[in-house]
Amino acid sequence: MLNRISSELTQRQDRPAARAMLFAAGLTEADLDRPQVGIVSSGYEGNPCNMHLNGLAATVKESVQASEMVGFVSNTIGVSDGISMGTAGMRYSLPSRDLIADSIETIASAQHYDGLVTIMGCDKNMPGAMIAMSRLDRPALMIYGGTIAPGHDNGRRLDVVSSFEALGQRLAGTITSQEFDRIVRLSCPGAGACGGMFTANTMASVIEVMGMSLPCSSSNPATSPDKVDECRKAGAAIRNLLERNLRPSDILTRNAFENAITLAIALGGSTNVVLHLLAIARTLEIDLTVDDFQRISDSTPLLADFRPSGPYVMQDLHAVGGMPGVIRMLLEEDLLHGDCMTVTGSTLAENAATAPPLSPGQKVIHDFGDPIKPSGHLRIMYGNVAEGGAVAKITGKEGEVFEGPARVFDSEAEANRAIGEGRIEKGDVIVIRYEGPRGGPGMPEMLTPTSMIMGRGLGGDVALITDGRFSGGTHGFVVGHITPEAQDGGLIALIADGDVIRIDAVRNTIDADIPAAEIEVRRRKWTAPPLRATSGALYRYARTVSSASQGCTTDRVY
């Protein structure tokens, strides 16, 4: 019985209104005996990451119906991080993850869908869909909308981060206004999510290795025939899941999360993967903490040379064999749990056994004998600045220890002005506070200040710490997710200009050199500022969100 859930509406004679309305929606008597699959797209026209997803959803619906099921397409929201970056709109980005999860859970539950295919294209879409599929725990899989192609300008490859960094270059006078305009115009050539190992490609990759998407989903480019073929396979795949009653709880085990962390580290993935995996794990009541990231990072080498710190983009990986080749490499080195089940109905190892190895001589993924860094780039830091933990992204290219005087800003906007006006000096530790989950609210990303720092040529000369978070496009000596955040009275709220901050990515510590007696004096004088949002979605988020070290979840009372 594949219509276990929808039969509540379609097979009971005391549900005449439901049957009547389904007939009005185009179903036949025969359709009422078939399983119903919800096809949820985060497609919308205003963002290249998502603008093609409704077309992919139409192909998925065809494949579902060809597999003798009923497919219903619906939509959920999206927020473009790239478009909203540096504005008040960015405060809605992380909260949108929870709205996406809620909306998918709502329609699938209310409409009694037997299974789900979610088609997601941008940073928060994917973890939102994963949270929803985990809550519902009925047969489901995710299709990634795919990566964008790189832009080109006189032989130079571009991506969205190129446009952010170009602003710093223009302000520093190293490029002309005409060059700046040309970079902005050419950075994003069409549909697809940002091309480097930024948050979208990171999340798509870890979802694939966790077993919740079909092989190659994370590396198939957005506009490629391979992406269309993947959508054509979705119908048979979801029917197989229904026949076996294979659900997310069967796939998303503790070992699957360890696989996800390992792959994210090997790829040089975004710090946002910490927030999102913690949130998905909490939904499933799997005991995962920030310390698990450090433990796995200690024993996993950084192998991938992707943007933002390297030259390659996800389309390059597709050209040399795709994500299954990387998974095969890691399995051969015993770094992954190969017995984890996947949405194909086979284990991760069984899927990888049929995948060809990466092309000989390719340079996107380094060999284990020649890693970019022998241990991982994700560092979980503790100290008096971050008693509850913080997350750093240290590839080794920016060094491993930084010490300098604090330059303190109570908002990202203030820091951006100072950087733009040239008021940051070599050796400074920029402190951006009151941008955490509650204080932001919404924990906005700090890609604008970090890109301006890079564009001004200060990437190796300053550090930046924040209770906000970073885009996957951020690189440099940066530490985010500082917990407790300033709004909750963490030490970051008490730091003053000139206090010496020491960041040690070898010992994984972050400390402010402030005497204990002085800290107590400052704490007695400090009062929490009023929440920036006083009504609406952001106010509700600020009142219910957990800390960054708990994944910024909102579905429990804290």
Salt bridge flag under 4.0 Å for residues [X] and [Y]:
{"X": "Arg433", "Y": "Glu485", "result": "no"}
{"X": "Lys227", "Y": "Glu230", "result": "yes"}
{"X": "Asp292", "Y": "Arg254", "result": "yes"}
{"X": "Asp137", "Y": "Arg247", "result": "yes"}
{"X": "Glu400", "Y": "Arg379", "result": "no"}

Testing the 3.5 Å rule here: is there a donor-acceptor pair between the side chains of [X] and [Y]?
{"X": "Asp504", "Y": "Thr509", "result": "no"}
{"X": "Tyr144", "Y": "Asn201", "result": "yes"}
{"X": "Ser103", "Y": "Thr76", "result": "yes"}
{"X": "Asn50", "Y": "Asn125", "result": "yes"}

Take Asp81 and Lys124, measure what salt bridge (charged side-chain N to carboxylate O under 4.0 Å, His left out) needs, and give me the verdict at the end.
CA-CA 9 Å; Asp81 289 8; Lys124 312 311 169 296; 2.5 Å; yes
Between His337 and Leu348, is the side-chain contact (heavy atoms from CB on, under 4.5 Å) condition met? List the steps.
CA-CA 8 Å; His337 303 285; Leu348 189 70; over 6 Å; no
Provide the closest heavy-atom pair for [X] versus [Y] in the form atom of the first, atom of the second, distance.
{"X": "Ala256", "Y": "Cys340", "result": "N-SG, 3.8 Å"}
{"X": "Ile265", "Y": "Phe293", "result": "CD1-O, 3.9 Å"}
{"X": "Ser93", "Y": "Arg469", "result": "OG-NH2, 3.4 Å"}
{"X": "Val273", "Y": "Val206", "result": "CG2-CG1, 4.1 Å"}
{"X": "Thr342", "Y": "Thr347", "result": "CG2-C, 3.9 Å"}
{"X": "Asn3", "Y": "Pro35", "result": "CB-CA, 3.8 Å"}

Taking [Y]'s backbone N and O only, do any of them form a donor-acceptor pair with [X]'s side chain (distance below 3.5 Å, no angle check)?
{"X": "Asn508", "Y": "Tyr382", "answer": "no"}
{"X": "Arg502", "Y": "Val401", "answer": "no"}
{"X": "Gln362", "Y": "Val364", "answer": "yes"}
{"X": "Arg282", "Y": "Gln550", "answer": "yes"}
{"X": "Arg438", "Y": "Ala542", "answer": "yes"}
{"X": "Ser109", "Y": "Thr106", "answer": "no"}
{"X": "Ser67", "Y": "Met69", "answer": "no"}
{"X": "Asn220", "Y": "Gly146", "answer": "no"}
{"X": "Asp316", "Y": "Val313", "answer": "yes"}
{"X": "Arg307", "Y": "Asp159", "answer": "no"}

May I ask you to test the [X]-[Y] pair for a side-chain heavy-atom distance under 4.5 Å?
{"X": "Tyr113", "Y": "Ile107", "value": "yes"}
{"X": "Thr300", "Y": "Leu263", "value": "no"}
{"X": "Val391", "Y": "Phe470", "value": "no"}
{"X": "Met126", "Y": "Met212", "value": "no"}
{"X": "His481", "Y": "Val290", "value": "no"}
{"X": "Ser96", "Y": "Ile77", "value": "yes"}
{"X": "Thr554", "Y": "Tyr541", "value": "yes"}
{"X": "Leu278", "Y": "Phe257", "value": "no"}

Can you list the steps and then say if Ile503 with Ile394 is a side-chain contact (heavy atoms from CB on, under 4.5 Å)?
CA-CA 11 Å; Ile503 307 163; Ile394 308 293; 6.0 Å; no
Roughly how far apart are [X] [atom1] and [Y] [atom2], rounded to 0.5 Å?
{"X": "Leu358", "Y": "Lys363", "atom1": "CG", "atom2": "NZ", "value": "15.0 Å"}
{"X": "Met130", "Y": "His276", "atom1": "CE", "atom2": "NE2", "value": "11.5 Å"}
{"X": "Glu435", "Y": "Met443", "atom1": "CD", "atom2": "CE", "value": "10.5 Å"}
{"X": "Ser218", "Y": "Ile207", "atom1": "OG", "atom2": "CD1", "value": "9.5 Å"}
{"X": "Lys61", "Y": "Ser41", "atom1": "NZ", "atom2": "OG", "value": "13.0 Å"}
{"X": "Ile280", "Y": "Leu275", "atom1": "CD1", "atom2": "CG", "value": "11.0 Å"}

Counting only heavy atoms not in [X], do more than 12 fall under 6.0 Å of its [atom1]?
{"X": "Arg4", "atom1": "CZ", "result": "yes"}
{"X": "Arg543", "atom1": "CZ", "result": "no"}
{"X": "Tyr92", "atom1": "OH", "result": "no"}

Trace of the side-chain hydrogen bond (donor to acceptor under 3.5 Å, both in side chains) decision for Asn255 with Asp339:
CA-CA 9 Å; Asn255 283 348; Asp339 58 350; 4.6 Å; no
Please list, chain by chain and in numerical order, all residues satisfying salt bridge (Lys or Arg N to Asp or Glu O under 4.0 Å) with Arg239, sequence neighbours excluded.
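Applying salt bridge (Lys or Arg N to Asp or Glu O under 4.0 Å) to Arg239 gives Glu243.
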Could you check Cys216 against Asp226 for side-chain contact (heavy atoms from CB on, under 4.5 Å), going step by step and ending with a plain yes or no?
CA-CA 9 Å; Cys216 293; Asp226 293 324; over 6 Å; no
side-chain contact (heavy atoms from CB on, under 4.5 Å) between Met203 and Asp123, worked out:
CA-CA 7 Å; Met203 289 309 302; Asp123 297 16; over 6 Å; no
Set of side-chain contact (heavy atoms from CB on, under 4.5 Å) partners for Ala493, sequence neighbours left out:
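Partners of Ala493 under the side-chain contact (heavy atoms from CB on, under 4.5 Å) test: Tyr434, Ala486, Trp526.
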